[in-house]
Amino acid sequence: MKIIESLQARRSYYSIKKELPVSIEAVIKMVEEVTELVPDAFNMKSSRVVVVHGEKQDALWDEIEKAFGGKVAKEKIDGFRSAAGTILYFYDRTVIETMQEQFSSYADNFPVWANQASGMLQLSIWSGLRELGIGASLQHYNPVIDDSVKALLGLPKEYVLVAQMPFGGIVSEPDKKDKEEIKKRVSVIS
């Protein structure tokens, strides 16, 4: 796929299932390749990606539901639980702190740059999933779930959760998107 086609195909898929059109190993391989290729400032490599699937997928969304104590619609959580897996995006606070010490003039920027790198990684993996014929959506239940997710998965306390991406086989296509008046957001100056 060309990048424009890939981005056009990337949508928020909420109607997904555990069955995938490819193996979970193919998903993991794509995630690893994309994670290696996506750039970040100072080549700091602060992003951490955790692919959760199998029994841990259900346990993850059970834990997320529990963390909210019924304040998030059960149907919504059930939809994410029914996915084949969830990709969790983190950045490593230790990497950020090390960079801040090494390059103190830029200290305030490293957390910003880590989030920018994470955003590029999220979009790239999301598009990569779609190229594999897989649907996904991007969720932000952090920081409410941070401690319980790290405890469940045995992750370091230095990991800062940025987003969650449930993915799975596509049950149905989302509604068509209306074309926006892009000139309101893009200016050209010459």
Side-chain angles (χ1 to χ4, degrees), residues 1-12 27-53 56 60 63-64 67-68 72 80 85-132 134 136-167 177 180-190:
M1 258 187 212
K2 294 179 181 170
I3 190 157
I4 297 297
E5 292 169 341
S6 180
L7 290 171
Q8 287 170 335
R10 188 235 37 93
R11 298 287 308 281
S12 292
V27 172
I28 293 166
K29 182 177 185 231
M30 180 275 298
V31 168
E32 290 172 343
E33 288 176 349
V34 169
T35 301
E36 186 174 2
L37 292 170
V38 168
D40 57 4
F42 284 72
N43 199 30
M44 66 179 156
K45 303 200 180 303
S46 62
S47 292
R48 301 295 181 261
V49 180
V50 177
V51 180
V52 180
H53 67 98
K56 283 292 188 188
L60 172 66
E63 194 63 36
I64 291 171
F68 278 97
V72 174
F80 302 138
T86 301
I87 300 169
L88 300 172
Y89 296 92
F90 299 87
Y91 67 80
D92 187 336
R93 186 183 356 248
T94 305
V95 173
I96 304 305
E97 291 168 356
T98 299
M99 298 303 286
Q100 289 172 318
E101 290 169 13
Q102 288 179 346
F103 303 98
S104 59
S105 298
Y106 299 106
D108 292 343
N109 291 331
F110 283 107
V112 174
W113 292 335
N115 276 304
Q116 290 172 348
S118 182
M120 289 188 292
L121 183 59
Q122 292 164 38
L123 179 60
S124 297
I125 289 175
W126 199 350
S127 296
L129 288 169
R130 193 61 194 93
E131 288 182 8
L132 293 174
I134 296 171
S137 66
L138 192 63
Q139 304 303 314
H140 300 92
Y141 289 107
N142 45 298
V144 175
I145 65 171
D146 292 19
D147 292 338
S148 57
V149 166
K150 287 188 265 188
L152 173 71
L153 302 175
L155 299 172
K157 66 178 176 23
E158 295 80 20
Y159 280 21
V160 177
L161 186 57
V162 178
Q164 310 82 54
M165 184 178 285
F167 66 90
K177 283 175 71 172
E180 70 176 289
E181 195 176 321
I182 200 63
K183 299 290 185 200
K184 289 182 178 179
R185 294 200 299 142
V186 179
S187 299
V188 179
I189 302 170
S190 58

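Quantities reported herein were computed from a predicted structural model and do not represent experimental measurements.
- Between the side chain of D40 and the backbone N or O of A117, no donor-acceptor pair lies under 3.5 Å.
- Nearest heavy-atom pair across I134 and V27 is CD1-CG2, 3.5 Å.
- Taking each heavy atom of S47 and L121 in turn, the nearest pair found is CB-CD2, 3.7 Å.
- Two residues are said to be in side-chain contact when any heavy atoms from C-beta on lie closer than 4.5 Å; L129 and I87 meet this criterion.
- Taking both residues in full, the closest heavy atoms of M30 and I125 are given as CE-O, 3.8 Å, listed atom of the first, atom of the second, then distance.
- The line from CZ of R185 to OG of S187 is 11.5 Å long, rounded to the nearest 0.5 Å.
- Screening residues 145-155 for side chain to side chain donor-acceptor pair (under 3.5 Å), with sequence neighbours left out, gives no hits.
- The distance from atom CG of L161 to atom NE2 of H140, rounded to the nearest 0.5 Å, is 9.0 Å.
- Looking at Q164, its side chain does come within 3.5 Å of a backbone N or O of Y141 through a donor-acceptor pair.
- Within the 3.5 Å criterion, the main-chain N or O of K45 finds a donor-acceptor partner in the side chain of R48.
- Judged as a salt bridge (Lys or Arg N to Asp or Glu O under 4.0 Å), and not counting sequence neighbours, E97 has no contacts.
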Quiz item: Could you walk me through whether L123 and L138 pass the side chain to side chain contact (heavy atoms under 4.5 Å, CB included) check?
Solution: CA-CA 9 Å; L123 179 60; L138 192 63; over 6 Å; no
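- Sorted by first and then second residue, the side chain to side chain donor-acceptor pair (under 3.5 Å) pairs with a member in residues 110-126 read S118-Q122; sequence neighbours excluded.
- Here the closest non-hydrogen pair linking T86 and P166 is OG1-CA, 3.8 Å.
- Rounding to the nearest 0.5 Å places CE of M99 at 6.0 Å from CZ of F42.
- Listed here is the closest heavy atom pair of Q139 and S137: NE2-OG, 2.9 Å.
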Self-check item: Test side chain to side chain contact (heavy atoms under 4.5 Å, CB included) applied to I64 and V72, step by step
Solution: CA-CA 9 Å; I64 291 171; V72 174; over 6 Å; no
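- In terms of the salt bridge (Lys or Arg N to Asp or Glu O under 4.0 Å) criterion, K56 has no residue partners (sequence neighbours excluded).
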Practice problem: Just do the side chain to side chain contact (heavy atoms under 4.5 Å, CB included) check on V49 and Y89 with the steps written out, would you? | Solution: CA-CA 5 Å; V49 180; Y89 296 92; 4.3 Å; yes
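- Within 6.0 Å of CD in E180 there are more than 12 heavy atoms belonging to other residues, nucleotides or ligands.
- In this structure, CD in Q8 is found 11.0 Å from OG in S127, a value given to the nearest 0.5 Å.
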In residues 100-112, what donor-acceptor pairs under 3.5 Å come from side-chain atoms, sequence neighbours left out?
from: Q100; atom 1: NE2; to: A107; atom 2: O; distance (Å): 2.8

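- Annotation: the span from R93 atom CZ to K157 atom NZ amounts to 8.0 Å, rounded to 0.5 Å.
- Atom CD1 of residue I145 and atom CG of residue L60 lie 6.5 Å apart, to the nearest 0.5 angstrom.
- Pairs engaging residues 143-166 under the ring pair (Phe, Tyr, Trp, His ring centres under 6.0 Å) rule: F90-Y159 [sequence neighbours left out].
- A side-chain N or O of E131 and one of S6 form a donor-acceptor pair less than 3.5 Å apart.
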